[in-house]
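Atoms within a ligand are numbered from 1 in the order they appear, just like the ligands themselves. Here the structure is a predicted model, which means the values were calculated and not measured.
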Amino acid sequence: MKKTLTIAGKEYGTVWLAPMAGMGDASFRRICKEHGADYLTTEMVSAKALCYGDKKTPSLAAIRDYETPVAIQLFGSEPETMAKAATILLSLSDKSGVYPAAIDVNMGCPMAKVVKCGDGSALMKTPAHAEAIVRAMVAALGDMPVTVKMRIGWDDSSLNVVEMAKRVEDAGAAAICVHARTREEMYTPGIRPEYIRMVKEAVSVPVIGNGDIFSARDAERMVAETGCDGVAVARGALGNPWLFEEIHLGKDFIPPTKKERLTEALRHFELMVLEKGERIAVCESRAAIAYYTKGLDGSAKIRGLMNTAETADGIRRILSDFIEEKLGH
Ligand SMILES: Cc1cc2nc3c(=O)[nH]c(=O)nc-3n(C[C@H](O)[C@H](O)[C@H](O)COP(=O)(O)O)c2cc1C
């Protein structure tokens, strides 16, 4: 795999963390960065919510200097709202002094509550409209690149990713990430890499391949089958941020021990407490920690205990006891 790719004149590494609503928060992004993720993207942020002044949304979009390069992803379907939201993000950056590498547009989210508003992967059904969104954002953002993440189509009767990619490139998109499934396929196993190859052949901006990368071999296969410039991983990194090291190192990679996995779960939890406070961290960490314990002896027991823990100290105790092998199976 190539080591670098260039977006709007800047060089970046080629192994990316894909955006994940509900999981890809600042604490997880930090951990992935420490394990070698070359480029991060925030959870999707509602353009409408930003424009209407929703109080919680800016914190979802907040980025830290230690996680750069990081893109902020927006979802929405009105060109003016998307452009305005993008400029709001830039004014937040003017305040914090931390700028995103790009503003990314979500054209892939399959969730019913998102597509029913015409957002996310519903934009695959309205190519001219998707193009207008990118054009409006590029006009509003000046030097800040706009990138797009899309699926290969809405369903098998409309496999239009090549047309979509050409349109958004024409509108000024600086890179395109393709999740090689239709909206209808949601996350069913099996991707169609040939569509990423077709996009790569059709556009000249960098193309990032995404879908079902759970190992270094998967990443190599993605590059070999598609010629993509970089890869983005989502589910494979959950509980396994070592995946980035594995992709970078290939056969030299040594997998983490049980103790290393649990120690990282504890650190992930502590970062969540720092970011979100104890109450939210205790609730939200359950899913994140369950991924680290998946497949380990005693993982069902630890999950059960985590579900009843109500305080940060409770969670710390469970993980420490598990690390020290004090919990029976
Ligand atoms: C929990 C979860 C949340 C996701 N949230 C987003 C999101 O906010 N924006 C987006 O473009 N894609 C989102 N995705 C899709 C992923 O970025 C990625 O395209 C998809 O999971 C396929 O990659 P994978 O096989 O490596 O998981 C999400 C996926 C998951 C599993």
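The distance from the CZ atom of Phe75 to the NZ atom of Lys48 is 9.0 Å, given to the nearest 0.5 Å. Note that CE of Met107 and CD of Gln73 are 10.0 Å apart. Values are rounded to the nearest 0.5 Å.
Between Ala21 and ligand 1, an N or O atom pair is found at a separation short of 3.5 Å. The distance criterion of under 3.5 Å between nitrogen or oxygen atoms is not met by Gly236 with respect to ligand 1. Ligand 1 has an N or O atom lying under 3.5 Å from an N or O atom of Asp212, backbone or side chain. In terms of N/O distances under 3.5 Å, ligand 1 is not approached by Ile213. On a distance-only criterion, Pro19 and ligand 1 share at least one N/O pair closer than 3.5 Å.
For atom 23 (O) of ligand 1, the nearest protein heavy atom (residue, atom name, distance) is Asn210 ND2, 3.0 Å. Given atom 30 (C) of ligand 1, the protein heavy atom at minimum distance is Met20 CG, 3.7 Å. Scanning the protein heavy atoms around atom 9 (N) of ligand 1, the nearest turns out to be Gln73 OE1, 2.7 Å. Scanning all protein heavy atoms for the shortest distance to atom 26 (O) of ligand 1 gives Ala234 N, 2.9 Å.
Using a 4.0 Å cut-off between a side-chain N of Lys or Arg and a carboxylate O of Asp or Glu, Glu225 and Arg197 do not qualify as a salt bridge. Using a 4.0 Å cut-off between charged side-chain N and carboxylate O, Asp297 and Lys258 make no salt bridge. Salt-bridge annotation for Lys3 and Glu11: absent, with no side-chain N of the basic residue lying under 4.0 Å from a carboxylate O of the acidic one. Classification of Lys2 and Asp229 as a salt-bridged pair holds, one side-chain N sitting under 4.0 Å from a carboxylate O.
For ligand 1, the atoms lying closer than 4.0 Å to a non-hydrogen atom of Ala18 are 17 (O). For ligand 1, the atoms closer than 4.0 angstrom to any heavy atom of Arg235 are 21 (O), 24 (P), 25 (O), 26 (O), 27 (O), 31 (C). Close contacts between ligand 1 and Met44 involve ligand atoms 8 (O) [criterion: under 4.0 Å to a heavy atom].
For the pair Arg316 and Phe322, the cation-pi test (distance below 6.0 Å, angle within 45°) is failed.
With Arg151 contributing its side chain and Val161 its backbone, the two residues share no donor-acceptor pair below 3.5 Å. Judged purely by atom type and a 3.5 angstrom limit, Asn210 has no side-chain atom pairing as donor or acceptor with the backbone of Val178.
The residue from Glu43, Met222, Lys149 that puts a heavy atom closest to atom 12 (N) of ligand 1 is Lys149.
Residue contact check for ligand 1: Tyr187 places a non-hydrogen atom closer than 4.0 Å to it. Distances shorter than 4.0 angstrom occur between a heavy atom of Gly211 and an atom of ligand 1.
Nearest heavy atom pair, residue Gly211 against residue Arg181, reads CA-NH1, 4.4 Å.
Of all the heavy atoms of His179, the ones lying under 4.0 Å from any atom of ligand 1 belong exclusively to the side chain.
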